[in-house]
Every structure is written in structure tokens, then in C-alpha cells.
Amino acid sequence: MDETPAVPFHIAIIMDGNGRWAQARGLMRALGHRAGAEAVRRTVEAGRELGVRVLTLYAFSWENWDRPAEEIRGLMDLLVEFLKAETPRLRANQIRLQAIGRLEELPHRARATLQQVIDDTASGDAMTLVLALSYGGRQELVDAARRIAALVREGRLLPEHITEAHIASHLYTADLPDPDLIIRTSGEMRVSNFLLWQSSYAELYVTPTLWPDFTKAELAEAIAAYQHRERRFGRSQPSPRQDEAIGPAGRRQVVG
Ligand code: IPE
Ligand code: IPE
Ligand code: MG
């Protein structure tokens with residue numbers, strides 16, 4: 001058996017602390033977000049270099065729509081600018097872009113640019129970069145419930161036949177494995193409506209570092225911490241092959 005501890009297949013990051021980073025420097029929050037975008041660029045590159053296969057970044061939550069209109073506008077402009085600037089690099093590094101969330105709520109320009117970059121990077125097979133935008137874990141479950149209820153109403157599914165796999169396959173993350181490691185920056189010990197279903201057995205890592213200060217070294221540190229964790233998935237012994245036991249909830253078989 002290979003004794004080298006596996007790099008987490010899927011890392012998801014709650015990128016928090018842009019505002020505090022700016023405030024500590026007497027700058028506008030917008031400049032914190034700009035520095036945050038630079039940290040995104042660095043982290044994507046670092047993830048790819050360290051062998052992460054799926055990197056999900058929580059960029060804008062459902063609840064973030066409650067922020068001042070000017071801040072939202074700035075974030076959406078920054079998203080478009082970032083996507084356009086990064087496309088060549090994503091393509092050169094075989095990184096495929098995906099997005100999860102209520103994307104229909106995004107301004108037209110952001111949505112169109114996002115779709116363009118998703119299409120332009122579709123053949124990337126080294127890493128999948130998933131941006132969580134207008135994303136909320138509860139809203140995702142509501143949307144899944146609506147779609148499953150519609151199948152039942154159409155007579156295509158019986159309520160007693162609904163399994164974990166059905167629910168997983170109606171989430172925005174239907175085609176993605178569950179996260180192995182969730183990192184949150186800026187020290188907050190909460191999940192803020194992120195990947196509620198998918199995080200059931202994710203390892204958590206919280207760092208006090210503010211998002212704009214996050215580096216490749218810190219990502220490597222989080223991965224090293226993960227490699228020392230003992231994942232049990234409810235069993236009395238650690239799972240022998242950490243990477244095999246995970247997969248989307250829908251793919252795990254209930255034994256016995
Ligand atoms: C994270 O930084 C970025 C988004 C949520 C869009 P914040 O803007 O939440 O920064 P703090 O938490 O106020 O420091
Ligand atoms: C979580 O950060 C959302 C994102 C990182 C996009 P928030 O700053 O919105 O979370 P709370 O309000 O501190 O829980
Ligand atoms: Mg915050």
C-alpha cells in the first residue's frame with residue numbers, strides 16, 4: 001500500500017477577511033477585495049502545483065446580497081475583470097472552471113462572462129476550479145427539494161425511493177466529489193451556509209490569516225495538517241484508504 005498521505009482531492013475555501021485586511025491598512029473595503037482577488041490567483045496556481053484536483057472557492061454567498069449595493073457592484077466588476085484576465089492562465093494550466101450557486105441572480109455581464117470562461121476552459125483536466133457565487137447551502141437544498149418534488153408530481157419518482165444519491169444528484173455539485181478539506185481564513189469558527197450537505201465528513205482547518213495574506217505556504221500547511229488527521233467516517237477504526245472512502249454521498253454504498 002502507498003504510505004504517502006494523499007493530498008486532499010477536493011479542497012474548499014471560505015475566503016474571509018478582505019474587509020478587515022483593508023481596515024487594518026486604513027483602506028477602502030474595495031481594495032481588500034482587490035487584494036483578495038490576487039490571493040485567489042495565487043491560490044489557484046498553488047492548488048494546481050500541489051496536486052489538488054478540485055478547488056472550490058466561496059466567493060459570494062447568498063447572504064452577501066444584503067451588503068451595500070456599491071460593494072456588490074464592486075465585487076461583480078472585480079469578478080468580470082478577474083475572469084477575463086485569468087482565462088489564458090487557466091487554459092495554459094489545463095484548469096477547468098465551474099460555478100455553483102443561484103447564478104441566475106448574477107448581473108447579466110457577470111453571468112455571461114462566467115459562462116464564456118466555463119466554455120473556454122471546458123477541456124482542462126488538471127484541476128477543476130469551482131467558484132461558489134450567489135451560493136447558499138440552504139438555498140441549494142431548497143432548489144434540490146423543488147426539483148425532486150417536481151419529479152414526484154410527474155409520477156417519475158416515488159417518495160419512498162428517494163435516496164441520498166437522488167439528493168446529491170440534484171445539488172449544484174452533482175458532478176463533483178464532496179470536499180475532503182474545508183479551509184476558512186480570518187479565524188471565524190463558522191460555516192456561513194457553505195456546502196452544508198457536502199461537508200458532512202470534511203476535515204476543517206481554520207487559520208487566523210486574512211484572505212488577502214493567504215499564500216502557497218499556508219495552503220501547504222493546511223494540507224499537511226489534513227494528512228495527519230484520522231478520518232473515520234463513523235467507523236471504530238480509521239479508514240485505510242482515505243481517498244477511496246469519500247466520493248459523493250451518492251456513490252457511497254451502505255453495506256449490510
Ligand atoms: C470575504 O471578505 C469576501 C466576501 C465575503 C465577498 P469580507 O468582505 O467578508 O471581509 P471581512 O469579513 O469583513 O473582514
Ligand atoms: C462567508 O463570509 C462568505 C464568503 C466568504 C463568500 P462572510 O463574511 O459573508 O460570512 P459571515 O457573515 O462572517 O458569517
Ligand atoms: Mg467576512
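Residues: numbered from 1 along the sequence shown. Every number for a ligand or one of its atoms is a count from 1 in the order of the listing.
Between the side chains of E140 and Q198, at least one donor N or O lies within less than 3.5 Å of an accepting N or O.
Atoms of ligand 1 lying under 4.0 Å from any heavy atom of R29, numbered from 1 in the order shown and given with element: 7 (P), 8 (O), 10 (O), 13 (O).
Using a 4.0 Å heavy-atom criterion, the residues that approach ligand 2 are I14, M15, D16, Y58, A59, F60, S61, N64, R67, R184, R190, S192.
For D16, the nearest N, O or S atom to the Mg ion (ligand 3) falls under 2.8 Å.
Annotation for M127 and V54: closest pair CG-N, 4.4 Å, computed over non-hydrogen atoms. Between T87 and L83, the shortest heavy-atom contact is OG1-O, 2.7 Å.
Proximity of H33 to ligand 1, defined as any heavy-atom pair under 4.0 Å, is confined to the side chain (atoms from C-beta onward).
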(message) Go through it in stages, so that I can follow the logic: the residues are R138 and L196, the test is side-chain contact (heavy atoms from CB on, under 4.5 Å), and I'd like the CA-CA distance, side-chain angles, deciding distance and then a yes or no.
(response) CA-CA 7 Å; R138 287 187 169 190; L196 297 182; 3.7 Å; yes
(request) Using the side-chain contact (heavy atoms from CB on, under 4.5 Å) rule, take R53 and D180 through it: C-alpha gap first, then chi angles, then the decisive distance, then the call. (result) CA-CA 11 Å; R53 300 303 306 280; D180 303 295; over 6 Å; no
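Taking the six-membered ring for Trp and thresholds of 30 and 60 degrees, Y58 and F194 have nearly parallel ring planes, at less than 30 degrees apart.
W21 belongs to a hydrophobic cluster whose other members, connected by ILVMFWY side-chain contacts under 4.5 Å either directly or through intermediates, are L27, L31, L210.
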